[in-house]
Amino acid sequence: MSTLTEDEITKAQSLINKTTPGTYELKSIYGSEWRHVISPTSFGARFKNIALAGKLNGIEHDSLRIDNHIMYRILGIV
């Protein structure tokens, strides 16, 4: 299973913690940080694997849009 590095997990958790509860595309969660992502498609797949494995707090897979973008639900402080 392709996964995020420990640094990427730490960064992801920090961004999740700062995001208002609601439903978001990954690019929206990352905001201006998204421009630093080298390969958005592979990063998105690796992020999804970590989220589904429960290794990030306060976020869950919500749905798959018709344009094949995954939506995540930010739950807020848990």
Side-chain angles (χ1 to χ4, degrees):
M1 167 172 81
S2 191
T3 187
L4 298 178
T5 66
E6 286 300 318
D7 287 343
E8 289 172 327
I9 291 171
T10 299
K11 180 65 173 177
Q13 190 64 66
S14 174
L15 292 168
I16 290 164
N17 294 347
K18 294 176 187 176
T19 303
T20 304
T23 304
Y24 299 91
E25 182 180 356
L26 188 55
K27 182 178 181 178
S28 297
I29 295 169
Y30 272 74
S32 64
E33 295 291 323
W34 191 249
R35 63 189 161 103
H36 300 294
V37 174
I38 303 300
S39 176
T41 301
S42 67
F43 182 82
R46 294 184 300 125
F47 185 95
K48 177 185 171 190
N49 289 339
I50 290 297
L52 290 175
K55 296 191 178 192
L56 293 169
N57 296 317
I59 190 169
E60 60 187 25
H61 180 276
D62 184 72
S63 60
L64 180 64
R65 291 190 336 200
I66 196 162
D67 62 2
N68 211 31
H69 289 201
I70 296 172
M71 300 301 289
Y72 293 95
R73 180 172 309 282
I74 301 290
L75 306 171
I77 298 173
V78 291

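Computed from a predicted model, the values in this text were never measured in an experiment.
Residues Thr3 and Arg46 have side chains that never bring a donor and an acceptor to within less than 3.5 angstrom of each other.
Counting only residues at least two apart or on different chains, the salt bridge (Lys or Arg N to Asp or Glu O under 4.0 Å) pairs with a member in residues 27-43 are Lys11-Glu33.
With Ile16 as reference, Leu56 is the one residue of Leu56, Leu75, Asn57 to meet the side chain to side chain contact (heavy atoms under 4.5 Å, CB included) rule.
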Exercise for the section: Give the C-alpha distance, both sets of side-chain angles, the deciding distance and a yes or no for side-chain contact (heavy atoms from CB on, under 4.5 Å) between Phe47 and Glu8. Expected result: CA-CA 9 Å; Phe47 185 95; Glu8 289 172 327; over 6 Å; no
Problem - side-chain contact (heavy atoms from CB on, under 4.5 Å) between Ile59 and Thr19, intermediate numbers included - result: CA-CA 10 Å; Ile59 190 169; Thr19 303; over 6 Å; no
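At least one donor-acceptor pair under 3.5 Å links the side chain of Thr10 to the backbone N or O of Glu6.
Closest approach of Met71 and Glu25 over heavy atoms only: CE-N, 3.5 Å. When every heavy atom of Tyr30 is checked against every heavy atom of Ala12, the shortest pair comes out as OH-CB, 3.2 Å.
Using a 4.5 Å cut-off on side-chain heavy atoms (C-beta onward), Leu26 and Phe43 make contact.
Here Tyr72 contributes atom OH and Glu60 contributes atom CD; the two are 11.5 Å apart, rounded to the nearest 0.5 Å.
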